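Only a predicted model underlies this, so the values are computations on that prediction, with no experimental measurement involved. Note on naming: letters A, B, ... go to the chains in the order of the sequence lines (proteins, then strands), and numbering restarts at 1 for each one.
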Amino acid sequence: MIDPYIIRERPDDIRRMLQSRVVDYDLNELILCEQERRRYIADTDKLRQERNDCGKTISELKKSREDATDMINHMKRVSAELRAQESMQTANEEKYQRLIRAMPNMIHDTVPLGPDDTTNVEINRWGLTDSKPKNHVDVAGDLLDIERAAKVAGSRFYYLKDGLVRLNYAIISYALDHLLEYGYTLVQPPYMINRQSMEGAIIAEDFEDVIYKIQDKDLYMVGTSEHAMAAMHSDEIMDGHTLPVRYAGVSPCFRKEAGAHGKDQKGIFRVHQFEKVEQFVYARPEQSWVEHQRMLRISEKFYESLSIPYRTVILSSGDMGKVASKTYDIEAWMAGQSAYREIVSCSNCTDYQARRLMIRYRDRTNDKPQYLHTLNSTLVATTRTMVAIMENHQRRDGHIDVPKPLQSYMNLKII
RNA sequence: GCGGGGAUCGCCUAGCCUGGUAGGGCGUGGGAUUGCUAAUCCCAUGUCAGCAAUGACACGGGGGUUCAAAUCCCCCUCCCCGCGCCA
């Protein structure tokens, strides 16, 4: 969530942000609720103080064996009044939390303003692009069985076989080694997390469209290890000297894709499950933008090493996710479709997740704890990268050239 | 899954039986002193608001009893030990 200070002091900045994101939001309702909230807190505090004072007096009277009946009667009235006040305050607090948690993050100054993906701005382009005859489904042939997966699980599932299974695991191993070189700590997180943790990482409305819930349990399948990595240090005050903390999260990702009916039906570009190696960084506010660039560069280099042509774009305000303050996408060239398609998303969420999850840091014992910044970036999502490899490295004889760095992980040069 | 024991401010712990301002040790931060990294002493050290005085909140979570709950009652979660089952 955003800093409540901004709601009080700079509501016009919020209005501009909401407009840039093309988001419908009743800001006035939040402003009123926030004003009420401060009044409720002050009122209940005052009553609590009175009740606590009465308690002390009663205790002292009893100790000196004096009659405390009058005081107890008074305290009964105060307690009753407090209970009434508290229930109003709780109702207000719930409303406030619901409203402020639905409010998107503020937008960084360098984000291009625009309504959708047509206003994204390209900032980098790498590699030679050409068109190849087959799309990844045709290249994969028998190594990919979508029909049987549909029979067994439904649409957007897949069976991988032989060379593609080895390719999948090779990508993961290579990706982990790649991040290890940059000083990342490897983390394999829980694949299911509870609601509170999930709500810290994403906005409530996203639950419906992307997150699978476990029946009768307070557990949700992670849509990305980001969710589990963000919540990892929730309710903690981290030692400032350890920042930035850089994690390489590796996990399967499960997505409902409910809002994507009819989109990318072919093959394994958009599926309900895949593996992903993710960069997740906890940083000091003053270092987070440098860290953001660093993460992007690490991902770009990864695709360069695999000889996958790509371009990098800055997402415009209307195309960004709600928790991000700024997002870069890397789009890989898919030679079989002659198009650039999203393969990496690299976001600085500033203090937005940190506030929801209560993640702070301080340098010395007596310092005031500060919210830190969280950043996340795909290093590699295996299915989409396999699509890029199959389409860009397909051969005329129907085989696939394995990119050089993966050959030793697979013990294969050609699939 | 069954039985037993636990959860208190970073760590260790007192308080619970008998309801009435949550105390101590270690560690950490700051300072003093001593001509050396040590020792000693003082201050600070759960969270939030506040310039501050101060106030509120906090004893795993949620209910209940009570004027008043770390303390009494109920439910839940997690951890440890033993047994069972198991990749």
From CA spacing to verdict: salt bridge (Lys or Arg N to Asp or Glu O under 4.0 Å), A:Arg297, A:Glu300 = CA-CA 5 Å; A:Arg297 195 62 206 124; A:Glu300 285 178 339; 2.7 Å; yes
Non-neighbouring partners of A:Lys95 that pass salt bridge (charged side-chain N to carboxylate O under 4.0 Å, His left out), sequence neighbours left out = A:Glu29
Report yes or no: do A:His272 and A:Tyr212 form a side-chain donor-acceptor pair below 3.5 Å?
-> yes
To the nearest angstrom, how far is A:Arg38 atom CZ from B:rC48 atom P?
-> 19 Å
Give a yes/no on whether any side-chain N or O of A:Arg360 is located under 4.0 angstrom from OP1 or OP2 of B:rC48.
-> yes
Are A:Arg77 and B:rA68 close enough that a side-chain N or O sits under 4.0 Å from OP1 or OP2?
-> no
Can you tell me how far C1' in B:rA69 sits from the matching atom in B:rU37, rounded to whole Å?
-> 50 Å
A:Asp239 CG - B:rC11 P separation (whole Å) | 15 Å
Salt bridge flag under 4.0 Å for residues A:Arg8 and A:Glu34 | yes
What nitrogen or oxygen pairs link the protein and nucleotides 50-55 of chain B at under 3.5 Å?
none

Interatomic distance at P, B:rG24 relative to B:rC43, whole Å | 11 Å
Between A:Tyr310 and A:Glu304, does any side-chain donor sit less than 3.5 Å from a side-chain acceptor?
-> yes
Using the P atoms only, state how far B:rC9 lies from B:rA58, rounded to an integer number of Å.
-> 14 Å
Using the C1' atom as the reference point in each nucleotide, state the distance between B:rG63 and B:rC11 in Å, no decimals.
-> 32 Å
How long is the line joining CD of A:Gln196 and C1' of B:rU77, in whole Å?
-> 12 Å
Pairs in or reaching into residues 231-241 of chain A: which pass side-chain hydrogen bond (donor to acceptor under 3.5 Å, both in side chains), with residues at least two apart or in two chains?
-> A:His233-A:Glu236, A:His233-A:Tyr247, A:Asp239-A:His241
Spacing between A:Arg51 atom CZ and B:rA69 atom P, to the nearest angstrom | 6 Å
Starting at the 5' end of RNA chain B, which residue's closest nucleotide do you reach first, A:Thr44 or A:Ser59?
-> A:Ser59
Pick the P atom in B:rA53 and in B:rA38, then give their distance to the nearest Å.
-> 33 Å
Expressed in whole Å, how much space separates the C1' atoms belonging to B:rC72 and B:rG1?
-> 31 Å
Whole Å only: how far is the CZ atom of A:Arg364 from the P atom of B:rG27?
-> 20 Å
Would you say the side-chain atoms of A:Thr382 and A:Tyr169 include a donor-acceptor pair closer than 3.5 Å?
-> no
Looking at A:Arg284 and A:Asp363, does any basic side-chain N land under 4.0 Å from a carboxylate oxygen?
-> yes
For nucleotides B:rG30 and B:rG82, find the distance between their P atoms and express it as a whole number of Å.
-> 44 Å
Rounded distance in Å - CE (A:Met75) to P (B:rA68) = 6 Å
Return the stems involving RNA chain B, sorted by first number, where pairs are Watson-Crick (N1-N3 with N6-O4 or O6-N4) or G-U wobble (N1-O2 and O6-N3), both under 3.5 Å, and runs are 3 or more long.
-> B:1-7 with B:77-83, B:10-13 with B:23-26, B:27-32 with B:40-45, B:46-49 with B:54-57, B:60-64 with B:72-76
Salt bridge (charged side-chain N to carboxylate O under 4.0 Å, His left out) partners of A:Lys256, counting only residues at least two apart | none
State whether a side-chain donor-acceptor pair under 3.5 Å links A:Asp177 with A:Tyr409.
-> yes
N-O pairing of A:Asp3 and A:Arg355 below 4.0 Å | yes
Distance below 4.0 Å between A:Arg362 side-chain N/O and B:rU47 OP1 or OP2 = yes
Rounded C1' spacing from B:rC2 to B:rC16 in Å | 28 Å
Could you state the atom-to-atom distance from CG of A:Leu219 to P of B:rU77 in whole Å?
-> 12 Å
Between residues 79-96 of chain A and RNA chain B, which residues have a heavy-atom gap below 4.0 Å?
-> A:Ser79, A:Arg83
Can you tell me if A:Asp329 and A:Asn120 form a side-chain donor-acceptor pair at under 3.5 Å?
-> no
May I ask you to test the A:Ile2-A:Ile14 pair for a side-chain heavy-atom distance under 4.5 Å?
-> yes
To the nearest Å, give me how far apart CG (A:Asp367) and P (B:rU45) are.
-> 14 Å
